[in-house]
Visitor: 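I'd like to ask some things about the structure below.
Each chain gets a letter, A, B and so on, in the order its sequence line appears, and its residues count up from 1. Worth saying up front: this structure is predicted, and the values here are computed from it rather than measured.
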2 protein chains.
Amino acid sequence: MFESVTIKDIAKALGVSTSTVSRALNGSYEIGTETKKLVLEYAEKINYRPNPIALSLKEQKSHSIGVVVCEVANDYFSQAINGIESIAYNRGYHVIITQTHESFDRESANVKHLLSRHVDGLLVSLSAQTTDTSQYKYLLDKGFPIVFFDRAAPDLNTHKVIANNFQGSFNGTEALINSGFSKIAHLTNSNNLLISHERFEGYNAALDKHGIEFRPEYLKHCNHGGMIHDEVELVLKELLALDDKPEAIFSGSDRLTISSISILKKWGLKVPGDIAIAGFTNSDVVDLFDPPLTVVRQPAFQIGQMATEMLIKTIESKWPVEEFTTEKVETQLIVRSSSVRY
Amino acid sequence: MFESVTIKDIAKALGVSTSTVSRALNGSYEIGTETKKLVLEYAEKINYRPNPIALSLKEQKSHSIGVVVCEVANDYFSQAINGIESIAYNRGYHVIITQTHESFDRESANVKHLLSRHVDGLLVSLSAQTTDTSQYKYLLDKGFPIVFFDRAAPDLNTHKVIANNFQGSFNGTEALINSGFSKIAHLTNSNNLLISHERFEGYNAALDKHGIEFRPEYLKHCNHGGMIHDEVELVLKELLALDDKPEAIFSGSDRLTISSISILKKWGLKVPGDIAIAGFTNSDVVDLFDPPLTVVRQPAFQIGQMATEMLIKTIESKWPVEEFTTEKVETQLIVRSSSVRY
DNA sequence: TTGTACGCGTTATCAA
DNA sequence: TTGATAACGCGTACAA
């Protein structure tokens, strides 16, 4: 079953040359019909499978794609990887996953490692720390296929697949406003990330639409410098120490949403009640919170699929791609009682 | 950066032969000290990286390991994959992940696919549907390295890494008993899975220790035949229709725990209150349930790491392994107020 | 100490 | 229509 049958074995068994076998297998027409049939039947019989490694060496393609994400054990990314796998599998690619743990150094090391593995292309979601995108620029300039998903580099000219962060954030914030809150803080990821900007804009636009003035002291970033829990704790302390405390928080990330609730509960505050929370998350158990959480969900699986399709298309197109597209995928707002004013 | 530098390039640049370069790079001592130095310095300078594909072809090793799990987007498995990746990465292996979605057919297709990819070994967690393990037996008999983790085949003689399901289940059930429940149902995975047996035994032993009689009608399996949600709904209906309804449920799986709570809440039942729940899960947000859930957590990351280490050790040992080990990893009981009797 | 030649499995090019 | 051969990048047995 796993000991490899090669075209040599077939050639020897059938008394033909390896090139004949190769031609028969690859459907080339410059071959005798009966010879072809013979080879195909025998190949089928002994369950011949071409050796992908030899193919790779020959074609100078690894048929693998590299994935750079911050964390695998994360609802959003595990769902995205699911989507990536599903497409890659069908197209005959395999996927090498690497994690940055939000560190720029690990991110560059991962990219180098993947390159030394001769991956045919890269699927990247930037780390929160990353500001220097020159390595990607370098690769892109040489025509190396890279597709960014979710956390894209704003200045790089390539394919991108991202959620409609503006709209998602707008909707989530508006849900809080609709249930009577006007003092709404915004807790979000590193300012380095484009998604943070987009989500802030959505938040801001929602305030604007409802005639609520934006207060700079209500905007808090977490840069994932150290332990996320400590960072969130600090930021929440600052928010609660304000003269005019926020009544609600709209959170721009899964991890921040969960951390916040956890900390606030630890402090004995009721969520909602003392303070309401809504935010981005892809966890499917937040529905079971009491009360269930109002969330903005990203179509992670679909984003993974789209990015992978784009990447493979880019890899397999012989001509350098001229037109880069940015796909925006709609988010889903799920309003639950957690954003209802008590 | 990504255009490959080969030993040929180095040889040409330095006016030596490729074998000299190869020898210098591989630290062979039958080479002139200054030649060696020269080569190494130049290789470093132009950032030479051996082509892993050529190496694979030469060595008849792919330096990759295949992973078979039911689902990536699952707390337990994404954490396990994290562990797998961390070890594999360090040891120079990469990881090809496939999903069964609990289907036996997909499982065998995945194994075949991984084999045709020439993976050096397999890390397998069986699908809930799988009863026929002959394909693994066949491979193992040929000396192909396979390590099972979590969901192992009882009848196969190979390395296994599993959580101490008995103890975990015992502890979880006892936590419910300690808070005053005696009518405790057990909801668990397919009877095909060894872990289901072990978990049932743990549950049973806890009842036994506390002089509680086991009732067959309190034991319910979910076979993942169709939609898990529907299956759980059916099973819960049966439990609640009993003359002597259970006061608590000890659940033997992440998905079942979450589904149950979701359905019971949908029916307007309070959890706990009307019925208490405790169970296996690796989700880290169940702490935020109100009240927080009593759970048994598996050290998924560690299990992934151990399984990968074992597999790589098996792959790299030239002699067929005689002694197969079964590693038991302790689970962690986290008692929360959800198992307190109201 | 170094260079030449071969093989790993495959496809492509050329010759027969 | 088919076969022999080179090439992909590497390591290594063997020859020098």
Visitor: Can you tell me how far C1' of C/dT10 sits from NE2 of A/H63, to the nearest Å?
Guide: 12 Å
Visitor: Does D/dG9 have OP1 or OP2 under 4.0 Å away from a side-chain N or O of B/T6?
Guide: no
Visitor: Could you tell me the separation between the CD1 atom of A/I7 and the C1' atom of C/dA12, rounded to a whole number of Å?
Guide: 12 Å
Visitor: Should the pair A/R91-A/E309 be classified as a salt bridge under the 4.0 Å nitrogen-to-oxygen rule?
Guide: no
Visitor: For this output row, return yes or no: ring centroids of A/Y89 and B/H113 closer than 6.0 angstrom.
Guide: yes
Visitor: Mind checking B/S56 for me? I need base, sugar-phosphate or nothing, with any heavy atom below 4.0 Å counting as a touch.
Guide: nothing
Visitor: When you check the phosphate oxygens OP1 and OP2 of C/dC8, does a side-chain N or O of A/N51 lie under 4.0 Å from one of them?
Guide: no
Visitor: Roughly, in whole Å, what's the span from NZ in B/K61 to P in C/dG7?
Guide: 22 Å
Visitor: A/T100 and A/S127: which non-hydrogen atoms are nearest, and at how many Å?
Guide: OG1-CB, 3.6 Å
Visitor: Among D/dA4, C/dC8, C/dG3, which is the nearest nucleotide to the side chain of B/L57?
Guide: C/dC8
Visitor: Rounding to an integer number of Å, can you tell me how far B/R23 CZ sits from D/dG11 P?
Guide: 11 Å
Visitor: Does C/dT11 have OP1 or OP2 sitting under 4.0 Å from an N or O in the side chain of A/S22?
Guide: yes
Visitor: D/dC8, D/dC10, D/dG3: which one has an atom nearest the side-chain heavy atoms of B/P50?
Guide: D/dC10
Visitor: Report the residue (A/R49 or B/V16) whose heavy-atom-nearest nucleotide on DNA chain C is the more 5′ of the two.
Guide: B/V16
Visitor: Can you figure out which of C/dT2, D/dG11, D/dC8 approaches the side chain of B/T20 most closely?
Guide: C/dT2
Visitor: Does the side chain of A/K36 get closer than 4.0 angstrom to OP1 or OP2 of D/dT1 through an N or O atom?
Guide: no
Visitor: Compare side-chain N and O positions of A/Q60 against OP1 and OP2 of D/dA7 and report whether any pair is under 4.0 Å apart.
Guide: no
Visitor: Atom CG of B/L25 and atom C1' of D/dT12: how far apart are they, to the nearest Å?
Guide: 15 Å
Visitor: Nearest nucleotide by nearest heavy atom, which residue falls closer to the 5' end of DNA chain C, B/K58 or A/L55?
Guide: B/K58
Visitor: How close or far is atom P of C/dG9 from atom CD of A/E59, stated in whole angstroms?
Guide: 17 Å
Visitor: Would B/Y93 and B/E85 satisfy side-chain hydrogen bond (donor to acceptor under 3.5 Å, both in side chains), going step by step from the backbone distance to the final call?
Guide: CA-CA 9 Å; B/Y93 283 78; B/E85 282 285 343; over 6 Å; no
Visitor: For C/dT10 and A/Y48 - does any side-chain N or O of the residue sit under 4.0 Å from the phosphate oxygens OP1/OP2?
Guide: yes
Visitor: So does A/T35 get a side-chain nitrogen or oxygen closer than 4.0 Å to the phosphate oxygens (OP1/OP2) of D/dT2?
Guide: yes
Visitor: Run B/Y136 and B/F148 through ring-ring contact (aromatic ring centres under 6.0 Å, His included) and show every step you take.
Guide: CA-CA 10 Å; B/Y136 300 114; B/F148 287 92; 5.4 Å; yes
Visitor: Less than 3.5 Å between a donor and an acceptor, one on the side chain of B/S19 and one on the base of C/dT4, is that the case here?
Guide: yes
Visitor: Would you mind reading off the distance between A/I53 atom CD1 and D/dC10 atom P, rounded to a whole angstrom?
Guide: 15 Å
Visitor: If every non-hydrogen atom of B/A153 is compared with every non-hydrogen atom of B/T133, which pair is closest and at what distance?
Guide: CB-CG2, 3.8 Å
Visitor: Between A/K12 (NZ) and D/dG3 (C1'), how many Å, whole number?
Guide: 17 Å
